[in-house]
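Below you'll find the structure, written out as structure tokens, and then a few comments.
Reminder, nothing fancy here: chain letters follow the sequence lines and each chain counts from 1. Keep in mind that what you see is a predicted model, and the values were worked out from it rather than measured. Heavy atoms only: backbone and side chains are in, while hydrogens, waters and symmetry mates are out.
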There are 2 protein chains.
Amino acid sequence: MNKKNTASSEAKEQGRLQMADIARLAGVSTSTVSRALNKSPLIGEETRLRIEALAKSLNYSINVGAQNLRLRQNRTVAVVVPFDSSSRQHLSDPFFLGIIGSIADALTDRGYDMLLTRVDAEELDAASQIYDTGRAIGVILIGQWRHHDQLNQMAARKVPIVVWGAQIPQQLYVTVGSDNVAGGRLACSHLLQQGRRRIAFFGDVQLPEVAHRYQGYCQALTAAGVAIDESLVLPAAFTEEGARLAVETLQSRVSSFDAVFACSDLLAMTAINLFRQAGLRVPEDVAVVGYDDIALARYFHPPLSTVQQPIAAAGEALVKAVLRLADYEPTGPELLPTELIVRQST
Amino acid sequence: MNKKNTASSEAKEQGRLQMADIARLAGVSTSTVSRALNKSPLIGEETRLRIEALAKSLNYSINVGAQNLRLRQNRTVAVVVPFDSSSRQHLSDPFFLGIIGSIADALTDRGYDMLLTRVDAEELDAASQIYDTGRAIGVILIGQWRHHDQLNQMAARKVPIVVWGAQIPQQLYVTVGSDNVAGGRLACSHLLQQGRRRIAFFGDVQLPEVAHRYQGYCQALTAAGVAIDESLVLPAAFTEEGARLAVETLQSRVSSFDAVFACSDLLAMTAINLFRQAGLRVPEDVAVVGYDDIALARYFHPPLSTVQQPIAAAGEALVKAVLRLADYEPTGPELLPTELIVRQST
DNA sequence: CTGAAAGCGCTAACAG
DNA sequence: CTGTTAGCGCTTTCAG
């Protein structure tokens, strides 16, 4: 075979044509094809139409990689989901998956691509690599985390990163999150209004978001003049096992309880099932409020009272924030409203 | 400001350095930096270490876009989730989300990036665009679909695409899916063994996968000598509303039934709750088998019997297949095994 | 309105 | 072992 093949005919052999091929076929220069396909006003209507038709018929589209290089641009945003290498938290929480979906929507609406990456929570700067290598113009970080320092370092390096989570003191990076304090207060006040006084809290207070919900829980109790009983605070992880442990501890070690505020719907649902297996009635013996308002909540038995997180708004806000950062525009943290949805588990 | 700035110093001003900057700082040529960072054996240990350290300290990483262009390579795979513009199916099914997670894992393991895109089910060739523009070397399509023809056209054009779903006749594109016929048979046989004879089927038989499950259901009934009653077959969509409608129809129009085989766990769970609201006991009055075995299934009340789909294997198989296609290796459809998980809803 | 030519950030012969 | 040089596929001045 002729080794003097031009790049173009090589490419054609590979079944992948490029602008030069279209140009040759149309009898014009690549400049003209480029301008036509980019709808430059410099090109006459007829020429443009002819070239567009040719490209369409050949399924040719401009190579985005080359275009980006030349234009020094990039329309890709990375979404990073840290996973615990230990607890193998396998991207299963419907709430996080819902957020990912809403980010995908928000990005698509704006003509951006979404790169989804899972990184070991211990190797969080893999997230900044994605930016350093130019694969994405910014990073959205989703998921439970306790890696405040690493995030601050990235922000200090000016990596455009926005984190779904709680705003905490001395934080250099931008967060978008729902108002967890208000959410916790809402849930707990509701329980108090139902006449409950021994309200357990299920959640790992190490996580900033959970800490805020706990804060709201305490505020509500205090406001109602109910003393906080530390033994009612169970550090449940966001897993089925976490719920099981919390329920067992609650039943074995706590003298009395009449309600649970669980920091996720999954936790709440699992807890309810475990209570029921243990012969307790929900909500009669124990009222349960969840958090997130995942799709299944309203079809659960009993339909779950829960604090709704604004999923669609979350995607929008995260995307807006990361695009601003990528544009070097100053951007602050954002707090989204939460709402209590009362159903029949309370 | 000096307009004669070099590209390098410009870039530095933008906070984004490039290989030339590292080269200058290290007092070598870009070739040397390139080779060092790519661990070429041509570079001496000491030089390499020095350059690596420099790069690390400056947070420099090779620009993947430029590298890809030069190397004519690409390590990105697109995952496309079609959505119904009408039913606003907003990526909520835990099973699909689980598959996405497992694809992300499989891709990450192999050093590939994942581009997640949502496209209108009616504009499915947006999926091939992603390939035509060179953004991805292949496409994995996830989700319910009835767009056989469009998929065949893409396959005919040699777009490396693999679809999660059922293998159906005259299909040019590659599918990876679980053995839906076996799954349906498993579920239905189990119900028959429990002494049930009036087994309803919940699922939209228009969808190829569901059609296969229905086929398995029929096989089991026939094998047991039970006549198929068309009125027991309810075309439920994969939504809460679908379940509600099916349950209502079942209760109002069907004389008797003692079991349900639902084509997703979500459907099964919603149905169970509706049955219970209607005063029916599960499994005593009506036994229910679901499909998928999502995380919540075992913590549901009652714990849900269901047909397990091999999620982790699915991600692996899909990724393997699409990478083979992208490599022009011949690849056939793949059928993954399913397994019946018996719990307490039957 | 169109083409020739230079170059985006990187790699790989090819010659030291 | 290292640098020079040419170009990956595209866009865009700058001259026609």
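- Between atom NE2 of residue A/H147 and atom CG of residue A/L141 there is a gap of 9.5 Å, rounded to the nearest 0.5 Å.
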Wobble G-U and Watson-Crick pairs count when both distances are under 3.5 Å; given that, what is the 5' to 3' dot-bracket string of DNA chain D, with | for pairing to other strands?
||||||||||||||||
Check: protein-nucleotides 3-6 of chain C nitrogen or oxygen pairs below 3.5 Å:
from: C/dG3; atom 1: OP2; to: A/S29; atom 2: N; distance (Å): 3.0
from: C/dG3; atom 1: OP2; to: A/S29; atom 2: OG; distance (Å): 3.1
from: C/dG3; atom 1: OP2; to: A/T32; atom 2: OG1; distance (Å): 2.5
from: C/dG3; atom 1: N7; to: A/R35; atom 2: NH2; distance (Å): 2.6
from: C/dG3; atom 1: O6; to: A/R35; atom 2: NH1; distance (Å): 3.4
from: C/dG3; atom 1: O6; to: A/R35; atom 2: NH2; distance (Å): 2.9
from: C/dA4; atom 1: N6; to: A/S31; atom 2: OG; distance (Å): 3.1

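- Distance B/N74 CG to C/dC10 P: 17 Å, rounded to the nearest Å.
- Of all the residues in residues 51-62 of chain B, B/Y60, B/I62 reach under 4.0 Å from DNA chain C with at least one non-hydrogen atom.
- Contact of the B/L323 side chain with the B/I137 side chain is registered, since non-hydrogen atoms from C-beta on lie closer than 4.5 Å.
- When every heavy atom of B/L54 is checked against every heavy atom of B/I22, the shortest pair comes out as CD2-O, 3.7 Å.
- Counting only distance, with no hydrogens or angles, the side chain of A/S102 and the backbone of A/I311 share a donor-acceptor pair below 3.5 Å.
- Using a 4.0 Å heavy-atom cutoff across all strands shown, A/N38 reaches sugar-phosphate atoms only and no base atom.
- One interatomic measurement links the two molecules: CG of B/D132 to P of D/dG9, which rounds to 16 Å at whole-angstrom precision.
- Within the 4.5 Å cutoff, the side chain of B/I161 has no heavy atoms near those of the B/L325 side chain.
- The distance from atom CD1 of B/I22 to atom P of C/dG9 is 14 Å, rounded to the nearest whole Å.
- Residues A/M154 and A/L124 have side chains in contact (heavy-atom distance under 4.5 Å, counting atoms from C-beta outward).
- For A/L69 and C/dC10, the CG to P distance is 9 Å, given to the nearest whole Å.
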Side chains of residues 36-46 of chain B: which donor-acceptor partners sit under 3.5 Å, not counting sequence neighbours?
from: B/N38; atom 1: ND2; to: B/S34; atom 2: O; distance (Å): 2.9
from: B/K39; atom 1: NZ; to: B/E52; atom 2: OE2; distance (Å): 2.6
from: B/S40; atom 1: OG; to: B/L42; atom 2: N; distance (Å): 3.0

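- Atom OH in B/Y173 sits 11.0 Å away from atom CD in B/Q150 (nearest 0.5 Å).
- Between the CE atom of B/M19 and the C1' atom of D/dC8 there is a distance of 15 Å, given to the nearest Å.
- A sub-4.0 Å separation between OP1 or OP2 of D/dT11 and a side-chain N or O of A/Q67 is present.
- From B/I100, atom CD1 reaches atom CD1 of A/I100 across 8.0 Å, with rounding to the nearest 0.5 Å.
- Results of the side-chain hydrogen bond (donor to acceptor under 3.5 Å, both in side chains) test with A/R118 over B/D109, B/D105, B/T108 single out B/D105 as the only residue that passes.
- DNA chain C lies under 4.0 Å from at least one heavy atom of each of the following residues of residues 40-49 of chain A: A/L42, A/I43, A/G44, A/T47.
- With rounding to whole Å, B/Q73 atom CD is found 11 Å from C/dC10 atom C1'.
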Going by atom type alone, with no hydrogens or angles, which donor-acceptor pairs under 3.5 Å involve a side-chain atom of residues 73-81 of chain B and a protein atom two or more places apart or on another chain?
from: B/Q73; atom 1: NE2; to: B/N68; atom 2: OD1; distance (Å): 3.2
from: B/N74; atom 1: OD1; to: B/T76; atom 2: N; distance (Å): 2.9
from: B/N74; atom 1: OD1; to: B/T76; atom 2: OG1; distance (Å): 3.2
from: B/N74; atom 1: ND2; to: B/G134; atom 2: O; distance (Å): 2.8
from: B/N74; atom 1: ND2; to: B/R135; atom 2: O; distance (Å): 3.4
from: B/R75; atom 1: NE; to: B/G111; atom 2: O; distance (Å): 3.2
from: B/R75; atom 1: NH2; to: B/R110; atom 2: O; distance (Å): 2.9

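- Look at CG on B/L17: it is 12 Å from C1' on C/dG9, rounded to the nearest Å.
- Side-chain contact between A/I142 and A/L318 is present, with heavy atoms from C-beta onward closer than 4.5 Å.
- Across all strands, A/L71 comes closer than 4.0 Å only to sugar-phosphate atoms, never to a base (heavy-atom distances).
- A salt bridge does not link B/R324 with B/D327: every distance from a Lys NZ or Arg NE/NH1/NH2 to an Asp or Glu carboxylate oxygen is 4.0 Å or more.
- Atom CZ in B/R72 sits about 11 Å away from atom P in D/dC10, given to the nearest Å.
- B/N63 places no side-chain N or O within donor-acceptor distance of the main-chain N or O of A/L69, the cut-off being under 3.5 Å.
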